[in-house]
Amino acid sequence: MFTGIIEETGRIKKIQKGRHSAVISIQAETVLEGTKVGDSIAVNGVCLTVTGLESGMFHADVMHETLSRSALRNLVPGSRVNLERAMAADGRFGGHIVAGHVDGTGNIVRIENDDNAVWYTIQAEEEILRLVVEKGSVAVDGISLTVARTGNDWFSVSVIPHTSRETALRGKKPGDLVNLETDIIGKYIEKLIRGSTAKKPESAITEEFLLRCGF
């Protein structure tokens, strides 16, 4: 589990592509402290398992499902990525609950400066947007952000200078894809509501069945 508070930005050193998968090597510093093989690190919001460690670098396998659902497929050597280690049990919640399991991608359609803030407007599919609510939380490339506005096929976030400066958002431009993860609490609430309103299957145990069986 993560919180969406980015610890540092790393740089893609190498990508070894398979038929539908990849092994990525990422240069980093802070997230390597105390990290061992088998640990989890969120890369642009995607929870990946550390499969190898070298001086100033770690390796991770990316499977077909992850590439098809996330913007990791667009990474190239030199790309900057947001990095966060899994939250320690005694850690502080600075953002919100982030699972590292992205729901899909969004497309940055507009970037606007507003005094000391930067507005990012992101277009996304209805399946994602139905769980994006104004003043709620959303993870954009792993960054915990507050939804400022919503529309029919978009939402906007307003980013403070620190976030722009300390994350890979500073290098984004209109047309770029970003990973999106909606609030996990909203997902569970929606599932419970749908489950309670769904039509229950009819029982096969009828009066006729009971008489036939001698009851």
Side-chain angles (χ1 to χ4, degrees), residues 1-7 20-21 31 39-50 60-75 81-109 119-160 163 167-169 172 176-201:
M1 186 176 70
F2 308 89
T3 70
I5 303 301
I6 304 305
E7 296 187 88
H20 298 296
S21 62
V31 298
D39 285 349
S40 296
I41 294 178
V43 179
N44 276 359
V46 180
C47 178
L48 297 179
T49 300
V50 176
D61 293 326
V62 186
M63 59 185 177
H64 187 192
E65 167 74 0
T66 304
L67 287 177
S68 65
R69 278 185 176 264
S70 75
L72 293 188
R73 62 183 179 271
N74 291 340
L75 294 177
V81 289
N82 298 317
L83 301 175
E84 181 192 355
R85 289 169 291 185
M87 181 183 177
D90 60 348
R92 179 176 294 177
F93 253 124
H96 71 282
I97 299 173
V98 177
H101 306 149
V102 302
D103 297 299
T105 59
N107 181 42
I108 297 176
V109 293
W119 284 84
Y120 291 84
T121 299
I122 300 169
Q123 197 170 49
E125 298 293 331
E126 191 277 333
E127 184 177 342
I128 293 174
L129 286 173
R130 73 169 186 266
L131 290 170
V132 176
V133 297
E134 193 167 313
K135 305 308 177 186
S137 296
V138 65
V140 177
D141 268 354
I143 307 165
S144 175
L145 296 171
T146 300
V147 178
R149 298 172 185 164
T150 59
N152 291 331
D153 63 349
W154 57 269
F155 70 91
S156 293
V157 293
S158 183
V159 178
I160 62 173
T163 303
T167 71
L169 268 183
K172 296 295 183 181
D176 285 348
L177 286 181
V178 288
N179 295 317
L180 301 176
E181 181 187 335
T182 57
D183 191 348
I184 192 170
I185 296 175
K187 295 175 189 175
Y188 280 111
I189 292 173
E190 183 188 49
K191 178 69 173 179
L192 289 170
I193 292 174
R194 282 188 172 187
S196 64
T197 58
K199 184 179 178 182
K200 294 180 174 58

One should read off an interatomic distance between R73 CZ and H64 NE2, to the nearest 0.5 angstrom, of 10.0 Å
Positive for side-chain contact (heavy atoms from CB on, under 4.5 Å) with I143, one of V138, I5, L169
L169
When every non-hydrogen atom of C47 is compared with those of A99, the smallest separation belongs to CB-O, 4.1 Å
Measure from the side-chain N and O atoms of E84 to the backbone N and O of G45, and report whether any donor-acceptor pair falls under 3.5 Å.
no
Summary of side-chain hydrogen bond (donor to acceptor under 3.5 Å, both in side chains) pairs that have at least one residue in residues 144-155, sequence neighbours excluded
H96-S144, Q123-D153
Can you spot which of V132, V140, N107 makes a side-chain contact (heavy atoms from CB on, under 4.5 Å) with I122?
V140
Around atom CD of E134, are there more than 12 heavy atoms from other residues, nucleotides or ligands closer than 6.0 Å?
yes
Nearest heavy-atom contact between V157 and V147 is CG1-CA, 4.2 Å
Quick check: does any side chain N or O of N82 sit under 3.5 Å from a backbone N or O of G142, one acting as donor and the other as acceptor?
no
Assess whether side-chain contact (heavy atoms from CB on, under 4.5 Å) is satisfied between M1 and V98, documenting all intermediate values.
CA-CA 6 Å; M1 186 176 70; V98 177; over 6 Å; no
Please round to the nearest 0.5 Å and tell me the distance separating atom CG of L72 and atom CG of N179.
5.5 Å
Are S137 and D183 close enough that a side-chain donor and a side-chain acceptor fall under 3.5 Å?
no
Using 0.5 Å steps for rounding, measure from the OG1 atom of T163 to the CG atom of L145.
6.5 Å
Are R69 and D103 within salt-bridge range, i.e. N to O under 4.0 Å?
no
Approximate separation, where rounding is to 0.5 Å, of I128 CD1 and E181 CD
10.5 Å
A side-chain contact here means heavy atoms from C-beta on lying under 4.5 Å apart; do F2 and R85 qualify?
no
Return yes if some donor-acceptor pair links the side-chain N/O of D39 with the main-chain N/O of V50 below 3.5 Å, else return no.
no
Short question: side chain of T66, backbone of V62 - any donor-acceptor pair under 3.5 Å?
no
Can you tell me how far apart NE2 (H20) and OG (S68) are? Round to the nearest 0.5 Å.
10.5 Å
The reported gap from CG in L48 to OG in S40 (rounded to nearest 0.5 angstrom) is 8.5 Å
Which pair of non-hydrogen atoms, one from V81 and one from N44, has the smallest distance, and what is that distance?
CA-OD1, 3.4 Å
Test log, rule side-chain contact (heavy atoms from CB on, under 4.5 Å), inputs L180 and T105:
CA-CA 5 Å; L180 301 176; T105 59; 5.9 Å; no
Nearest heavy-atom pair of S156 and W119: which atoms, and what distance?
CB-CE3, 3.8 Å
Testing the basics here: between L83 and I6, what is the closest heavy-atom pair and its distance to 0.1 Å?
O-CG2, 3.5 Å
Restricting to non-hydrogen atoms, name the atom on K172 and the atom on L177 that form the minimum distance, rounded to 0.1 Å.
NZ-O, 3.8 Å
